[in-house]
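Taking it in order: structure first as structure tokens, then the write-up.
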Amino acid sequence: MSPGGAENPFDAIVVGGGAAGLMCALTAGQRGKRVLVVEHANRVGKKILMSGGGRCNFTNTGATPANYLSANPHYCKSALARYTPADFIALVDRHRIAWHEKELGQLFCDDSSKQILRLLLDECADGGVRIETSCAIEHVRHGDGGFHVDTARGMFSAPALVVASGGLSIPSMGASGFGYDLARRFGHRVLPTRAGLVPLTLSGKHQERLADLAGVAVPVEAHCGRASFRNFMLLTHRGVSGPAILQISSYWNTGDDLRLDLLPGDDALAWLRAQRAERGASELRTVLAERLPKRFAQRLCEHWLPDRPMRQLDDAQLRDIAGVLAAWPLVASGTEGYRTAEVTLGGVDTDELSSSTMQSRRVPGLYFIGEVVDVTGWLGGYNFQWAWASGHACGMAL
Ligand code: FDA
């Protein structure tokens, strides 16, 4: 009999069959631990399936602690160092899953993200992991030396409970606030949560001036505070998206100053002067259209820049134009929220968790891994790497 009297002799119950939960379960299972995964959705790994446009950007070869946001930037170091991108690539190779590098160390399956989920499930099967899907949790009790989880499928008990229930993004995929509520119930602090890696919305004049350019992609360097990302911005019907915007969105809070360098890597003033010398009769919009999408260049000249032949622009005006091009102010009104966000920022405060085992310092036997914890990666495979690394650290400790 397990603690509490339920006839379920498990060493650990993992709540949530996502990336982190499955990695933890397979690691512990293969170490001989009896593990149960309780998933309330009708199948495990839904986010894995939809990730990377169906090809799962399963890691990033350049992942370092600097690619993560957290109130304690040191917390993720230990787990990331002990389970690296190379470790996950070795697992992928062992399962003969073909992959390719897209850009900046981002690795994707050649074929389908289903292969990554298959890998995790096969490894769980090797470890004798039991997985219960469509298994809603009604109540969790702690006492008699263990955790007692009352579910739609009956009561399960174990001396360890691993919370791997993820964040709040994409509620239609099974996201819930379960982990945060449970953490609070056990006395843990939960840092304020908000949508990350999310499109930004525009309002008022900005929205009116740009809405009909939806679909236009502009290479930019997006700046917010000390963070900056060079990549594409995609104009949408409601605002802006694309990798540069998704990345900077995680650093942006309502009201923050957001600026876009529209000629990233270039000295805008020197370039404008050279253009004036070489093609003085050309209008600014024509000159800009060589570096920016034509319709976007035109729109800039209708609302933000003087549209005149280059030779009519004196040095002071060129300096002003260069200033706008180097730091175009984008006034975002908000984000699209959890409906489209890839991740949830904030979460269970790491201050009361062990960075080597992910165990609660308040409640022995209670663990938090993956996105529910206040560790959030950049776009590009970093979030799965955190899920694998934190899941592995915990699975080794159970
Ligand atoms: P995850 O959310 O994966 O799993 C949590 C599980 O817990 C879910 O199965 C959920 O149903 C379950 N659950 C929740 N509440 C429960 C409850 N009360 N009882 C039981 N079960 C419960 N990252 C990346 O690195 N590369 C990529 O390509 C992408 N692509 C991507 C696309 C999209 C559209 C999204 C939304 C996200 C990504 N991400 C990503 C982010 C990545 O998917 C995310 O960071 C990880 O899945 C987090 O793993 P977790 O296991 O922590 O949570």
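Being a predicted model, the structure only gives us computed values, none of them experimental. Counting starts at 1 for both ligands and their atoms, following the listed order. The figures here come from the full heavy-atom set of this structure, side chains too, leaving out hydrogens, waters and symmetry mates.
Using a 4.0 Å cut-off between charged nitrogen and carboxylate oxygen, D315 and R273 count as a salt-bridge pair. Look at D122 and R94 and you find no salt bridge, because none of the NZ, NE, NH1 or NH2 atoms lies under 4.0 Å from a carboxylate O. Look at R299 and E302 and you find a salt bridge, because one of the NZ, NE, NH1 or NH2 atoms lies within 4.0 Å of a carboxylate O, short of that distance.
For Q385 (side chain) and N60 (main-chain N/O), no donor-acceptor pair under 3.5 Å exists by modelled atom type.
Ligand-side atoms of ligand 1 in range of A164: 5 (C), 6 (C), 7 (O), range being under 4.0 angstrom from any heavy atom. Here is the list of ligand 1 atoms found below 4.0 Å of a heavy atom in S176: 14 (C), 15 (N), 16 (C), 18 (N). Less than 4.0 angstrom separates some heavy atom of V38 from each of these atoms of ligand 1: 20 (C), 21 (N). Under a 4.0 Å criterion applied to the non-hydrogen atoms of G370, ligand 1 contributes the atoms 52 (O). Annotation for ligand 1: atoms under 4.0 Å from non-hydrogen atoms of I170 are 36 (C). The ligand atoms of ligand 1 that sit less than 4.0 angstrom from a heavy atom of M50 are 34 (C). Residue contact check: N57 has heavy atoms under 4.0 Å from atoms 24 (C), 25 (O), 26 (N), 27 (C), 28 (O) of ligand 1. Those atoms of ligand 1 that come under 4.0 Å of a heavy atom in E371, given as number and element, are 44 (C), 45 (O), 46 (C), 48 (C), 52 (O).
Heavy-atom proximity to atom 27 (C) of ligand 1, evaluated over F178, W378, F384, F368, is greatest for F384.
Ring-plane geometry between F108 and H100 is classed as parallel, the angle between the planes falling under 30 degrees on a 0 to 90 degree scale with a further cut at 60. Using a 30° and 60° split on the angle between ring planes, F88 and F58 fall in the tilted class, from 30° to 60°. Between H142 and F147, the ring planes lie parallel to each other; the angle is under 30°, not in the 30° to 60° tilted range.
Residue contacts with ligand 1: C56 is placed with no nitrogen or oxygen under 3.5 Å of a nitrogen or oxygen of the ligand (distance criterion only). At a 3.5 angstrom cut-off on N or O pairs, A19 counts as close to ligand 1. Inclusion of S169 in the set of residues having an N or O under 3.5 Å from an N or O of ligand 1 is not warranted. Note: no N/O pair closer than 3.5 Å links Q385 and ligand 1 by distance alone. For the pair G52 and ligand 1, the shortest N or O to N or O distance falls below 3.5 Å.
With a 4.5 Å cut-off on side-chain heavy atoms, V287 and R279 count as touching. Between T201 and E336, the closest side-chain pair of non-hydrogen atoms falls below 4.5 Å. Side-chain contact between L26 and D126: absent, with no pair of heavy atoms (C-beta onward) separated by less than 4.5 Å.
Here the protein heavy atom with the shortest distance to atom 53 (O) of ligand 1 is G166 CA, 3.4 Å. Atom 2 (O) of ligand 1 has its closest protein heavy atom at K47 NZ, 3.4 Å. Among all protein heavy atoms, the one lying closest to atom 30 (N) of ligand 1 is S51 CB, 3.2 Å. In terms of protein heavy-atom proximity, atom 51 (O) of ligand 1 is nearest to A20 N, 2.9 Å. The protein atom (non-hydrogen) at minimum distance from atom 9 (O) of ligand 1 is E39 OE1, 2.5 Å. Here the heavy atom of the protein found nearest to atom 22 (C) of ligand 1 is H40 CD2, 3.3 Å. The shortest contact between atom 4 (O) of ligand 1 and any protein heavy atom is with G18 CA, 3.3 Å. When only non-hydrogen protein atoms are considered, atom 38 (C) of ligand 1 lies nearest to E342 OE1, 3.5 Å.
With a 4.0 Å cut-off on non-hydrogen atoms, A175 does not touch ligand 1 at all. Using a 4.0 Å cut-off between heavy atoms, V372 makes no contact with ligand 1 at all. By the criterion of a heavy-atom distance under 4.0 Å, the backbone of Y382, and not its side chain, is placed next to ligand 1.
Under a 4.5 Å side-chain heavy-atom criterion applied to ILVMFWY residues, the cluster that includes L379 comprises L197, L246, V343 as well.
No more than 12 heavy-atom neighbours from other residues, nucleotides or ligands sit within 6.0 angstrom of NE2 on H237. More than 12 heavy-atom neighbours from other residues, nucleotides or ligands sit within 6.0 angstrom of CZ on R31.
A side chain to side chain donor-acceptor pair (under 3.5 Å) check over residues 43-57, counting only residues at least two apart or in different chains, returns the pairs N42-K46.
Both F10 and V15 are members of a single hydrophobic cluster when ILVMFWY side chains are connected at heavy-atom separations under 4.5 Å.
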